[in-house]
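The structure appears right after this line, and notes come after that.
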Amino acid sequence: NAGVTQTPKFRVLKTGQSMTLLCAQDMNHEYMYWYRQDPGMGLRLIHYSVGEGTTAKGEVPDGYNVSRLKKQNFLLGLESAAPSQTSVYFCASSYPSGRVNTGELFFGEGSRLTVL
Amino acid sequence: LAKTTQPISMDSYEGQEVNITCSHNNIATNDYITWYQQFPSQGPRFIIQGYKTKVTNEVASLFIPADRKSSTLSLPRVSLSDTAVYYCLVGGGYQKVTFGTGTKLQVIP
């Protein structure tokens with residue numbers, strides 16, 4: 001199993017450009033999350049999903065959109081990138097379908113985004 | 001999720017036992033306490049989880065007093081490779097999962 005895979009791992013954008021980060025998990029998890037982490041800081045929740053077709057706002061949702069059309073994928077979109085969105089983005093998933101939800105999160109390796 | 005308070009940073013020498021305490025005064029009856037470890041440039045990974053008393057696995061121990069308003073992560077005989085940020089999370093339901101700032105542990109040779 002690959003676990004949680006994020007693409008791309010690195011990206012440089014110009015202000016105003018748009019892009020999509022893809023998160024894919026092969027663990028049949030119900031819940032998926034997008035976090036951002038700025039230098040020297042903890043993780044902040046952007047958006048999350050508790051099932052296919054559902055999304056919800058986290059702590060810092062402004063400037064981002066998400067979609068969960070397929071259970072295994074969770075997309076994070078930036079419609080008009082700003083320098084303040086320069087960060088490392090982490091995707092996570094949890095809660096294997098049909099099993100007890102222990103809340104254990106499995107993270108991807110991160111996607112480093114720079115907005116010039 | 002219940003708000004948590006942890007020390008911002010800690011230093012320890014190699015071979016020592018390290019205890020990191022997390023305060024969570026607003027913990028709810030059905031909340032579990034979970035600790036994660038994060039190395040630089042990596043996503044956090046699960047270390048240990050508990051509800052009450054003591055839990056031990058191959059990596060760490062978790063001590064939770066009867067009132068559950070705090071918890072202590074214990075790392076036995078730390079090595080340089082234990083240098084990381086450690087996060088304490090408290091909650092149940094596990095839907096909107098948020099992290100605090102964590103404790104940056106620096107292990108010194």
Side-chain angles (χ1 to χ4, degrees), chain A residues 2-6 9-10 21 23 25 27 29-51 54-61 66 68 74 87-97 99-112, chain B residues 1-10 20 22 24 27-51 55 57-60 62 71 73 83-106:
Chain A
V4 179
T5 304
Q6 295 181 225
K9 290 186 172 40
F10 301 93
L21 296 175
C23 177
Q25 53 92 6
M27 297 173 283
H29 282 173
E30 296 291 338
Y31 298 172
M32 295 188 74
Y33 308 82
W34 276 108
Y35 295 89
R36 62 175 288 175
Q37 186 170 37
D38 300 321
M41 297 183 67
L43 289 87
R44 291 186 290 171
L45 180 64
I46 304 172
H47 286 282
Y48 65 102
S49 167
V50 298
T54 73
T55 62
K57 294 181 179 180
E59 302 171 286
V60 289
V66 289
R68 183 112 181 259
F74 195 29
S87 190
V88 179
Y89 292 83
F90 287 101
C91 176
S93 70
S94 70
Y95 191 10
S97 183
R99 297 189 179 185
V100 173
N101 184 9
T102 65
E104 180 178 350
L105 294 172
F106 294 82
F107 281 83
E109 294 183 351
S111 297
R112 186 176 296 275
Chain B
L1 267 69
K3 180 176 172 58
T4 61
T5 302
Q6 307 175 229
I8 294 175
S9 64
M10 296 179 69
I20 305 174
C22 179
H24 28 80
I27 190 168
T29 303
N30 61 348
D31 284 347
Y32 277 75
I33 300 157
T34 310
W35 285 81
Y36 286 84
Q37 175 191 57
Q38 184 181 26
F39 297 117
S41 301
Q42 295 185 23
R45 67 168 188 147
F46 174 93
I47 301 177
I48 197 166
Q49 183 182 72
Y51 183 81
V55 179
N57 62 22
E58 64 277 5
V59 177
L62 179 59
S71 59
L73 175 72
T83 293
V85 178
Y86 293 83
Y87 296 95
C88 165
L89 278 70
V90 173
Y94 310 117
Q95 294 193 353
K96 187 175 182 180
V97 181
T98 58
F99 286 71
T101 53
T103 297
K104 186 173 183 179
L105 173 65
Q106 181 68 52

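Each chain gets a letter, A, B and so on, in the order its sequence line appears, and its residues count up from 1. Only this structure's heavy atoms are used, side chains among them; waters, hydrogens and symmetry mates stay out.
Looking at A/E30, neither its backbone nor its side chain comes within 4.5 Å of chain B, counting heavy atoms on both sides. The contact between A/V50 and chain B is made entirely by side chain atoms (from C-beta outward), counting heavy-atom distances below 4.5 Å. If you measure heavy-atom distances from A/R112 to chain B, the contacts under 4.5 Å come from the side chain alone. Residue A/Y95 does not touch chain B at all, counting heavy-atom pairs closer than 4.5 Å. At a 4.5 Å heavy-atom cutoff, the contact between B/Q42 and chain A is made by backbone atoms alone. With a 4.5 Å cut-off on non-hydrogen atoms, A/S49 does not touch chain B at all.
Other residues, nucleotides and ligands contribute over 12 non-hydrogen atoms within 6.0 Å of the CZ atom of B/F46.
In this structure a side-chain-to-backbone donor-acceptor pair under 3.5 Å is present from B/Y36 to A/L105. A/E109 places no side-chain N or O within donor-acceptor distance of the main-chain N or O of B/G43, the cut-off being under 3.5 Å.
Of the residues considered (B/P44, B/G102, B/G100, B/P40), B/P44 shows the highest number of contacts with chain A, using heavy-atom pairs under 4.5 Å. Chain B forms more heavy-atom pairs under 4.5 Å with one residue of A/G42, A/G40, A/G103 than with any other, namely A/G103.
Here the CZ-CZ distance, from A/F107 to B/R45, works out to 13.0 Å after rounding to the nearest 0.5 Å. From B/K96, atom NZ reaches atom NZ of A/K57 across 10.5 Å, with rounding to the nearest 0.5 Å. Taking CG from B/L89 and CG from A/L43, the interatomic distance works out to 9.5 Å, rounded to the nearest 0.5 Å. Put simply, OG1 on B/T101 and CE on A/M41 are 8.5 Å apart, with the number rounded to the nearest 0.5 Å. A distance of 7.5 Å separates CD in B/Q95 from OH in A/Y33, rounded to the nearest 0.5 Å. Taking CZ of B/F99 as the start and CZ of A/R44 as the end, the distance is 14.0 Å to the nearest 0.5 Å.
Nearest heavy-atom pair, B/V97 versus A/L45, reported as atom, atom and distance to 0.1 Å: O-CD2, 3.7 Å.
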